[in-house]
Number of protein chains: 2
Amino acid sequence: MSDFLTTGLSTAVQKKIEELVLQGKLQGGDKLNEVELAEMFGTSRGPIREACKGLVQAGLLTAVPNRGVFVRKMDVREALEVYDIRAFLDQLIGQLAATHGTAQQIRELWDIHARLDKAVRADDFEAYYPENLSFHEKLLAMTGSERLTQMYLALVKELHLFRRKGLIQQGSMDVSNAEHALILEAISQRDPVKTGLAMRNHVMTAKQRLVTAIELQSVGEGLQS
Amino acid sequence: MSDFLTTGLSTAVQKKIEELVLQGKLQGGDKLNEVELAEMFGTSRGPIREACKGLVQAGLLTAVPNRGVFVRKMDVREALEVYDIRAFLDQLIGQLAATHGTAQQIRELWDIHARLDKAVRADDFEAYYPENLSFHEKLLAMTGSERLTQMYLALVKELHLFRRKGLIQQGSMDVSNAEHALILEAISQRDPVKTGLAMRNHVMTAKQRLVTAIELQSVGEGLQS
DNA sequence: ATCTAATAAATTGTCGACAATCTACCACAG
DNA sequence: CTGTGGTAGATTGTCGACAATTTATTAGAT
């Protein structure tokens with residue numbers, strides 16, 4: 001609740017609730033109780049309702065008239081749809097990054113890639129994960145497009161709603177970082193088209209990994225029942 | 001205010017305010033007065049504030065703490081950024097439409113295209129405009145992707161904020177509909193890649209027309225001053 | 001006359017209370 | 001025992017009022 005001065009109370013509350021959702025403390029389908037949240041944050045229900053309205057618009061919550069707001073439930077189908085969208089936005093990100101990125105920024109990407117490679121060799125996912133985020137955030141910064149950045153981050157948040165993260169995260173740090181290398185190579189050559197395609201491919205393979213992981217899990221469940 | 005029963009008062013108000021913005025009755029930079037709007041819609045300020053919060057999240061308004069909400073101002077740079085994003089989303093739309101569209105839907109696209117062609121030959125923009133919207137909405141429906149549809153429509157709305165619509169609309173119905181023909185050809189062949197590229201190209205040429213129109217206008221203004 | 005400071009008006013931010021609606025529980029008939 | 005109806009409790013929806021902040025106005029000094 002620190003940035004309450006700069007952005008207003010309802011926005012601060014909105015971020016807090018968003019955190020709860022992204023951390024999974026509020027799971028898909030859970031109902032949000034206004035008075036409960038109001039007491040939790042020490043405010044009245046007004047700002048809580050405004051915050052929820054914002055999160056509904058952002059796609060993290062869903063509202064049912066006269067019944068309240070719920071954490072959005074994302075099924076496999078929707079998750080795959082989001083992956084497709086992300087893939088094409090990433091293609092654009094790649095094109096713009098290769099066009100507008102500075103030499104300094106490209107160097108920093110190589111640095112991150114080196115750290116990622118180190119994590120891969122150590123098979124250290126805990127180290128890999130944050131660096132991977134840095135990699136993609138850096139690319140976003142290189143686009144210079146405010147709107148694209150906002151939209152992309154919103155999609156990433158949305159994917160957190162798909163709670164079988166084990167499926168998403170598990171696997172193939174080595175493959176993933178090999179794809180990073182291809183992206184970096186293309187961007188270093190200042191080839192927007194090649195960079196874009198490498199980025200899109202990067203997401204599509206991640207999507208494909210998810211699909212196969214889900215199929216495997218389904219088979220497993222099928223055997224159990 | 002008819003769907004107040006189904007979606008709640010604040011949502012109905014949100015749509016009303018959105019209309020005001022999209023119709024240009026509220027122009028970029030205009031300040032929204034809460035009590036004024038409350039009286040206009042016959043409600044208290046609570047629902048108004050919630051509606052505004054939603055529209056801020058949607059990108060149509062901007063909020064300044066303790067000073068109120070304003071209609072978002074979109075400059076040329078931002079408009080071009082949105083065009084880029086739209087182009088890549090359209091590519092995805094094309095791929096999905098070519099993959100999942102039914103034969104019936106494709107026939108309906110050809111029907112719309114025929115009416116567009118008629119409007120072109122009559123040089124009748126008033127007839128062209130709504131049919132053009134239908135064409136793209138039909139393609140959206142063919143994707144079967146809820147999220148993509150929502151995201152795309154949000155971008156289209158956002159572009160309405162760029163108030164020099166004359167620049168956007170004017171021009172080249174014939175070129176535009178020739179591109180539609182290419183899209184339809186590809187989609188009839190059930191070629192997702194080709195369809196996607198045709199769609200992306202369709203948006204990028206529109207963007208290019210906007211760029212040249214702006215340059216022309218700038219030159220004109222330069223001579224006047 | 002212009003700039004600054006103080007004050008008044010207007011506007012936003014927040015809250016508590018009441019009305020409308022939904023949910024859970026219990027009594028009762030079949 | 002099961003299903004139905006009704007009542008009590010809980011929750012959302014809306015409102016009007018007050019506090020905090022900004023904006024406009026006015027008075028005064030240079």
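Just so it is clear: chains get the letters A, B, ... in the order the sequence lines come, proteins before strands, and each one is counted from 1.
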Legend entry - Value in whole Å for how far the C1' atom of D/dT12 lies from CD of A/Glu36: 14 Å
Legend entry - Axis deviation across the helix from C/dA1-D/dT30 to C/dG30-D/dC1, five-pair ends, to the nearest 10°: 10°
Inset, instruction - Taking the side chain as every heavy atom from C-beta outward, state whether A/Glu81 and B/Leu148 have any pair of such atoms under 4.5 Å apart. - result: no
Inset, instruction - Inspect the contact between A/Arg72 and A/Glu78 and indicate whether a charged nitrogen and a carboxylate oxygen are less than 4.0 angstrom apart. - result: yes
Inset, instruction - Nearest whole angstrom, please: distance from the C1' of C/dT14 to the CD1 of A/Ile48. - result: 12 Å
Inset, instruction - Measure across B/Ala127 and B/Ala119 and return the closest heavy-atom pair with its distance rounded to 0.1 Å. - result: CB-CB, 4.1 Å
Legend entry - Cationic N near anionic O, under 4.0 Å, B/Glu34 to B/Arg49: yes
Inset, instruction - May I ask you to say whether B/Glu158 pairs ionically with A/Arg147, meaning some side-chain N is under 4.0 Å from a carboxylate O? - result: yes
Output one line per pair: protein atom, nucleotide atom from nucleotides 6-11 of chain D, and distance, for all N/O pairs under 3.5 Å.
from: D/dT11; atom 1: OP1; to: A/Asn33; atom 2: ND2; distance (Å): 3.3

Legend entry - Pair B/His180 + B/Phe135: ring centers closer than 6.0 Å: yes
Inset, instruction - Figure out the CD/P separation between A/Glu39 and C/dC15, and round it to whole Å. - result: 13 Å
Inset, instruction - Would you mind reading off the distance between A/Leu9 atom CG and D/dT21 atom P, rounded to a whole angstrom? - result: 13 Å
Legend entry - Test log, rule salt bridge (Lys or Arg N to Asp or Glu O under 4.0 Å), inputs A/Lys53 and B/Glu50: CA-CA 6 Å; A/Lys53 189 85 181 178; B/Glu50 291 176 18; 5.4 Å; no
Inset, instruction - Let me know the distance between CZ of B/Arg45 and P of D/dA19, rounded to the nearest Å. - result: 15 Å
Legend entry - Test item: B/Asp84 and A/Ser145 side chains (from C-beta on) under 4.5 Å apart, heavy atoms: no
Inset, instruction - Output yes when at least one side-chain N/O atom of A/Arg49 is less than 4.0 Å from OP1 or OP2 of D/dG13, else no. - result: yes
